[in-house]
Amino acid sequence: MQKSHALRRATVGLMLAGSLSLGWLVQPQVATAADGTNTSAAPSQDKGGGGQGPSIESTSNSMLTATAEQLTRSQVLQRAASWVDKGLVYDGGGTYQGYRRDCSGYVSMAWGLATPGLVTGSFVPSGAAISISKSQLKPGDALNNPGSGSSGHVVIFAGWTNDAQTSYDGYEFSPSGVKHREIPYPYFSGYGTFTPIRAVNVVDDTPTPVRRTSDITGDGRAEIVTQEPDGGIAMGVGDGNGFSNYHRITGNGFADYVNTGRIHFADVTGDGKADIIVQEADGGITMGVGDGNGFSNYHRITGNGFADYLNGGRMHFADITGDGKADMINQEADGGVTLGVGDGNGFSNYHRITTNGFADYLNNGRMHFADITGDGKADIINQEADGGVTLGVGDGNGFSNYHRITTNGFADYLNNGRMHFADITGDGKADIITQEPDGGITMGVGDGNGFSNYHRITTNGFADYLNTPNIQFVG
C-alpha cells in the first residue's frame, strides 16, 4: 500500500487549443439558498448531465498551471461522499466550496483539482487524468463521457457491486442532485459513451469498502415496520434516532402471515433497498422487490423445500458473505446453522457454517444476525439465558471470536421477541433495540463491539406489538 507521509503537490499543466464550447442547458427554476442548497423541489432529471460551467482553463491559447494535492483513493471517496445529502442544486454557474455545482465540478472537487474545476472534455486533454481500461478501474477513478455541455457527464467509480462487473457503486452530480447509487457499467443507456479515466494525482491505498445499505428506503438508516391486524404493512421512516412519516406500504393481502413470524425484510436483490420475503405454507419462499416505499414483482425464489422452518423462527436473512445481497440462514434441528448464498434472486450453495453448538437457541427467538462490527459481513448474536448478549464475528462464511458484548442486564427480553438489532443511526454498525413493557422503544447505540447511550426513541404507542413477531427493524 502506497502512503504519503506528507501531502505532496503535483503540478498539472493545463493547455487549451481554441475556445471551449460550454453548451449551456437551460435549468428549471429552482429556489436556491445562498449556500447552494435546494429550497424547493429538485429538477426531475435523475440521470446524465445538465450543462457545465466555465472550466479553470483559459479561453485563449495560453498555458495555465493548476496545482492538485496528491490524494489517496480513500480520500477521493470521502470527498465525494461529503456532498451527498447536502441538498445541493445543479447549477454550472454556481459554486459550493469553490467548485462548480455540476457533474465535472463535483468530480474536480473529489479529485482535489483547482477550483472551480475542469469540464468533461478537458480532464484527459489537460493532463489532469489519463485513459485506462475497464480491468484497471479502482475506487476513486471515474467513468467519463467527454461531450461538451449537457452532452457530457462524469461519475466517480467506487467499486464493483458484483463479480461479473456489470454494475458499480458510483457518485455523481445529476440535475436532481448528488447521488450515491448502483450504476450499470459503464452508465445508464441513452446518455452517450462513457470510458474509464484516472486522475494522475490520485495514489493507491486500501479504500474502506463502500458501505451498502439494506433498509426499506435505501438511505442507510433502519426503519420500523409493523404487520397490522388487517394484513397490511406499515412503515415509520428512520431518521437516525427514531421514526416519522408512519404510513402503509402494502395493501391488506398479508393477513395469513400475521403472528406467524413468516415475513422478513432484507436486501435480496443487492440494490440497497430491502425486499419483502415471505415463507409460504407449502415451504416455498416468495419475494416482493423493494422500491424504497413498497414492493412489487412478487415471485417465488425457491422451491418448496423449507417446510421444516415454518413458524419456528429458525429462518433468517442477512448478508453473511458481504457482497451486498442477503443470504438465507437456517437454524437446523441439531443446533447447527446452514447458509444458502444469495445470488440476487434466490439462493444456492447451501452448506453448514457452524458446528451443532446452538441447540439452546432453537425456537426461542434468541439468535440474530446483523453487522455489529461494521465490516459489511453479518455477525451472529445470541441472547444468553443469564440475560447477556454474545457476539460471534462474521468472516463471510461463518463466525469466530465469540465473546460477550453486554452485561447480564437483558433477562427481561428473553424468549419474547422483544430484542432486535439493526443500524438505526446509519453509521454502518448495528444498534440494539428493545421493546419496553409500556410499548416504547429503547435504543443502545452500537460501537462495533457493544452498545452505549441507551435512550428512548419512540413514544409508548407500540404496546400492541409486544411479544409478537409483528414488529421489525429493517436496515
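- By the 30° and 60° cut-offs, the orientation of the rings of F194 relative to H153 is perpendicular.
- Using cut-offs of 30° and 60° on the angle between ring planes, the pair Y191 and Y187 is perpendicular.
- Residues P54 and P116 share a closest heavy-atom pair of O-CG, 4.1 Å.
- Looking only at side-chain heavy atoms (C-beta outward), T120 and C103 come within less than 4.5 Å of each other.
- Contact of the D141 side chain with the P196 side chain is not registered, since no non-hydrogen atoms from C-beta on lie closer than 4.5 Å.
- A salt bridge does not link D219 with K273: none of the charged nitrogens is closer than 4.0 Å to a carboxylate oxygen.
- With S150 contributing its side chain and G49 its backbone, the two residues share no donor-acceptor pair below 3.5 Å.
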For a side-chain contact (heavy atoms from CB on, under 4.5 Å) check, start with the C-alpha distance between V107 and F173, then their side-chain angles and the critical distance, and finish with the verdict. CA-CA 8 Å; V107 170; F173 202 157; over 6 Å; no
Using the rule given for side chain to side chain donor-acceptor pair (under 3.5 Å), can you reason through E228 versus Y465, listing the C-alpha separation, both sets of side-chain angles and the distance that settles it, and then say yes or no? CA-CA 9 Å; E228 304 301 337; Y465 306 97; 2.8 Å; yes
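- Taking the six-membered ring where tryptophan is involved, the planes of F157 and Y168 are tilted, since the angle between them lies from 30° to 60°.
- With rounding to the nearest 0.5 Å, the separation of CG in N144 from OG1 in T193 is 11.0 Å.
- The existence of a salt bridge linking D271 and R181 is excluded, since no basic side-chain nitrogen approaches an acidic carboxylate oxygen closer than 4.0 Å.
- No donor-acceptor distance shorter than 3.5 angstrom exists from the side chain of R418 to the backbone of I433, with no hydrogens or angles considered.
- How far CG of L143 is from CD1 of I183: 8.0 Å, rounded to the nearest 0.5 Å.
- Q165 approaches Y185 most closely through the heavy-atom pair O-CB, 4.0 Å.
- The two residues D323 and G342 come nearest to each other via the heavy atoms OD2-O, 4.0 Å.
- The two residues P469 and G261 have their closest heavy-atom pair at CG-N, 3.5 Å.
- Ion pairing of D205 with R73 is absent here, as no side-chain N (NZ or NE/NH1/NH2) approaches a carboxylate O to less than 4.0 Å.
- Annotation: side chain of D319 is not in contact with side chain of D371 (no heavy-atom distance under 4.5 Å).
- For the pair Q97 and T115, the minimum side-chain heavy-atom distance is 4.5 Å or more.
- By the 4.5 Å heavy-atom criterion applied to side chains, I285 and M287 are not counted as neighbours.
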Output, in order, the C-alpha distance, side-chain angles, deciding distance and verdict of side-chain contact (heavy atoms from CB on, under 4.5 Å) for L466 and T468. CA-CA 5 Å; L466 283 172; T468 78; over 6 Å; no
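- When atom types are taken as modelled, the side chain of Y106 and the backbone of Y99 share no donor-acceptor pair closer than 3.5 angstrom.
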Could you walk me through whether D239 and S244 pass side chain to side chain donor-acceptor pair (under 3.5 Å), step by step? CA-CA 7 Å; D239 63 13; S244 61; 4.8 Å; no
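- In this structure, a donor-acceptor pair under 3.5 Å is absent between the side chains of E172 and H180.
- For D85, the CG atom counts as loosely surrounded, since its 6.0 Å shell holds 12 or fewer non-hydrogen atoms of other residues, nucleotides or ligands.
- Using cut-offs of 30° and 60° for the angle between ring planes, the Y96 and W83 rings count as perpendicular.
- Using a 4.5 Å cut-off on side-chain heavy atoms (C-beta onward), V278 and I276 make contact.
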Carefully, step by step, assess H264 and Q472 under the rule side chain to side chain donor-acceptor pair (under 3.5 Å). CA-CA 8 Å; H264 312 262; Q472 299 186 50; 5.3 Å; no
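- Between the R101 side chain and the G92 main chain, no donor and acceptor come within less than 3.5 Å of each other.
- Classification of the F243-F473 ring pair by plane angle, with boundaries at 30° and 60°, yields tilted.
- For the residue pair Q435/H420, the side-chain donor-acceptor check at 3.5 Å is satisfied.
- The shortest distance between side-chain heavy atoms of D46 and F188 does not fall below 4.5 Å.
- Side-chain atoms of S74 and T72 include no donor-acceptor pair closer than 3.5 Å.
- With hydrogens and angles disregarded, a donor-acceptor distance shorter than 3.5 Å links the side chain of S108 to the backbone of L118.
- Atom-to-atom distance recorded for I424:CD1 and D215:CG is 10.0 Å, nearest 0.5 angstrom.
- Checking side-chain atoms of D431 against main-chain N and O of T425 turns up a donor-acceptor pair under 3.5 Å.
- At a threshold of 4.0 Å, the pair D204-K138 counts as salt-bridged, since one of the basic side-chain nitrogens sits closer than that to a carboxylate oxygen.
- From I132, atom CD1 reaches atom CZ of R198 across 4.0 Å, with rounding to the nearest 0.5 Å.
- Side-chain atoms of T286 and R300 include a donor-acceptor pair closer than 3.5 Å.
- With a 4.5 Å cut-off on side-chain heavy atoms, I277 and V268 count as touching.
- Of the possible polar contacts, none joining the D91 side chain to the D102 backbone as a donor-acceptor pair under 3.5 Å is found.
- Judged by distance alone, with hydrogens and angles left aside, the side-chain atoms of N453 form no donor-acceptor pair with the main-chain N or O of V445 at under 3.5 Å.
- A donor atom on one side chain and an acceptor atom on the other are found under 3.5 Å apart for S167 and T161.
- Heavy atoms only, all atoms of each residue included: A326 and A266 are closest at CB-CB, 3.7 Å.
- Remark: L77 CG to Q75 CD distance equals 10.5 Å, nearest 0.5 Å.
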Evaluate the criterion side-chain contact (heavy atoms from CB on, under 4.5 Å) for residue pair N345 and T269; output intermediate values, then yes/no. CA-CA 6 Å; N345 194 48; T269 61; 6.0 Å; no
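- Summarising the geometry of G426 relative to R221, their closest heavy-atom pair is CA-CG, 3.8 Å, with the distance given to 0.1 Å.
- S126 places a side-chain N or O within 3.5 Å of a backbone atom of S122 that can act as its donor or acceptor partner.
- Classification of the Y246-F462 ring pair by plane angle, with boundaries at 30° and 60°, yields tilted.
- Atom-to-atom distance recorded for N201:CG and L113:CG is 5.5 Å, nearest 0.5 angstrom.
- E223 places a side-chain N or O within donor-acceptor distance of the main-chain N or O of T217, the cut-off being under 3.5 Å.
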